[in-house]
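See below for the structure under consideration.
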Amino acid sequence: MCRCALSSDATAARVVVLGIGNILMQDEGLGVHAVRALAERGLPPGVEVVDGGTLGIELLPIVEDARSLILIDAARFPGEPGAVGAFRGAELAGSYGGHVSPHQAGAADLIAVARLTGVLPERCTLFGIQPVEMEFGLELSGPVAAGLPALVEAVLAEARAFSEVAVHA
């Protein structure tokens with residue numbers, strides 16, 4: 001796991017962007033590829049990016065410390081493979097109902113335990129892209145790679161919105 005604060009003011013708003021995935025399994029590594037792209041771009045003050053890899057419940061302390069949480073993962077969304085989607089609020093509870101990979105049981109457990117223990121932030125969004133290829137390989141499929149820039153922009157917009165809410169709270 002790589003935890004990279006991209007701001008000297010990371011404790012003020014405390015928005016955590018958590019990328020989840022296995023980079024050895026093509027599109028399954030979307031969350032990790034996305035947080036790496038975000039780290040290269042830079043994030044607003046008070047936003048921290050975390051590469052959660054294939055960890056699940058082990059990420060609970062990170063979720064617990066967050067005032068707002070943005071998860072990034074390959075997930076089944078309505079629409080075509082490669083389409084960017086988001087689950088917010090109550091939608092998040094059912095977002096891992098149709099697992100696309102074995103690690104999502106761990107991610108689903110993380111969300112469930114965080115909710116049950118009362119540490120899941122009120123502001124929580126899961127962003128992802130409908131996967132195409134889930135075989136061994138280090139590269140994202142063409143449709144998922146093409147959707148990555150739009151995903152990064154959507155995550156940045158959400159991080160900015162969460163940061164503004166936290167500053168005014």
Side-chain angles (χ1 to χ4, degrees), residues 1-7 15-44 47-63 66 68-88 91-114 120-121 124-160 162:
M1 173 177 61
C2 175
R3 193 169 181 172
C4 309
L6 297 178
S7 164
V15 176
V16 174
V17 178
L18 176 59
I20 301 171
N22 183 345
I23 61 167
L24 301 176
M25 299 294 293
Q26 292 181 291
D27 295 347
E28 166 34 45
L30 171 68
V32 175
H33 288 285
V35 294
R36 289 177 180 172
L38 285 161
E40 290 174 10
R41 290 263 322 256
L43 293 171
V47 177
E48 179 181 7
V49 63
V50 179
D51 171 353
T54 58
L55 298 175
I57 198 76
E58 299 89 350
L59 297 167
L60 190 60
I62 292 168
V63 172
S68 300
L69 179 66
I70 300 172
L71 297 161
I72 308 172
D73 197 4
R76 290 198 169 104
F77 292 97
E80 297 294 315
V84 176
F87 292 114
R88 292 178 176 88
E91 295 174 322
L92 188 59
S95 65
Y96 282 110
H99 301 326
V100 297
S101 72
H103 93 265
Q104 284 188 326
D109 290 345
L110 171 66
I111 292 168
V113 170
L120 186 68
C124 184
T125 303
L126 167 71
F127 281 101
I129 297 179
Q130 175 87 8
V132 177
E133 298 291 335
M134 304 290 279
E135 302 295 325
F136 285 110
L138 298 176
E139 302 297 323
L140 295 172
S141 67
V144 172
L148 188 59
L151 174 72
V152 167
E153 289 304 320
V155 170
L156 283 171
E158 191 89 343
R160 284 185 198 104
F162 282 173

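Starting from 1, each residue takes its place in the sequence as its number.
Atom CG of L59 sits about 5.5 Å away from atom CG of L110, to the nearest 0.5 Å. The distance from the CG atom of N22 to the CG atom of L30 is 12.5 Å, given to the nearest 0.5 Å. Note that CD1 of I111 is 10.5 Å distant from CD1 of I57, once rounded to the nearest 0.5 Å. In this structure, the separation between CD1 on I129 and NE2 on H33 is 11.0 Å, given to the nearest 0.5 Å. One distance of note links CG of L126 with CD1 of I20; it measures 8.0 Å at 0.5 Å rounding. Within the model, atoms CD1 of I62 and CD of E48 stand 7.0 Å from one another, a figure rounded to the nearest 0.5 Å.
Distance alone, capped at 3.5 Å, places no donor-acceptor pair between the D73 side chain and the A75 backbone.
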Could you go through V17 and V35, starting from their C-alpha distance and side-chain angles, then the distance that decides it, and tell me whether this counts as side-chain contact (heavy atoms from CB on, under 4.5 Å)?
CA-CA 7 Å; V17 178; V35 294; 4.2 Å; yes
Could you pull out all donor-acceptor pairs under 3.5 Å where a side-chain atom in residues 131-141 meets a protein atom, sequence neighbours excluded?
| from | atom 1 | to | atom 2 | distance (Å) |
| --- | --- | --- | --- | --- |
| S141 | OG | D27 | OD1 | 3.1 |
| S141 | OG | D27 | OD2 | 2.8 |

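Closest non-hydrogen pair, F162 versus I70, comes out as CE1-CG1, 3.7 Å.
Put simply, the side chain of V15 does not reach to within 4.5 Å of the side chain of L43, judged on heavy atoms. A heavy-atom distance below 4.5 Å is not found between the side chains of V16 and V63. Under the 4.5 Å side-chain criterion, counting only non-hydrogen atoms from C-beta, R36 is in contact with I23. For the pair I72 and L38, the minimum side-chain heavy-atom distance is below 4.5 Å.
Qualifying side chain to side chain donor-acceptor pair (under 3.5 Å) partners for R160, counting only residues two or more places apart in sequence or in other chains: none. Under the side chain to side chain contact (heavy atoms under 4.5 Å, CB included) criterion, R88 pairs with A86, E91, T125, F127, E158, not counting sequence neighbours.
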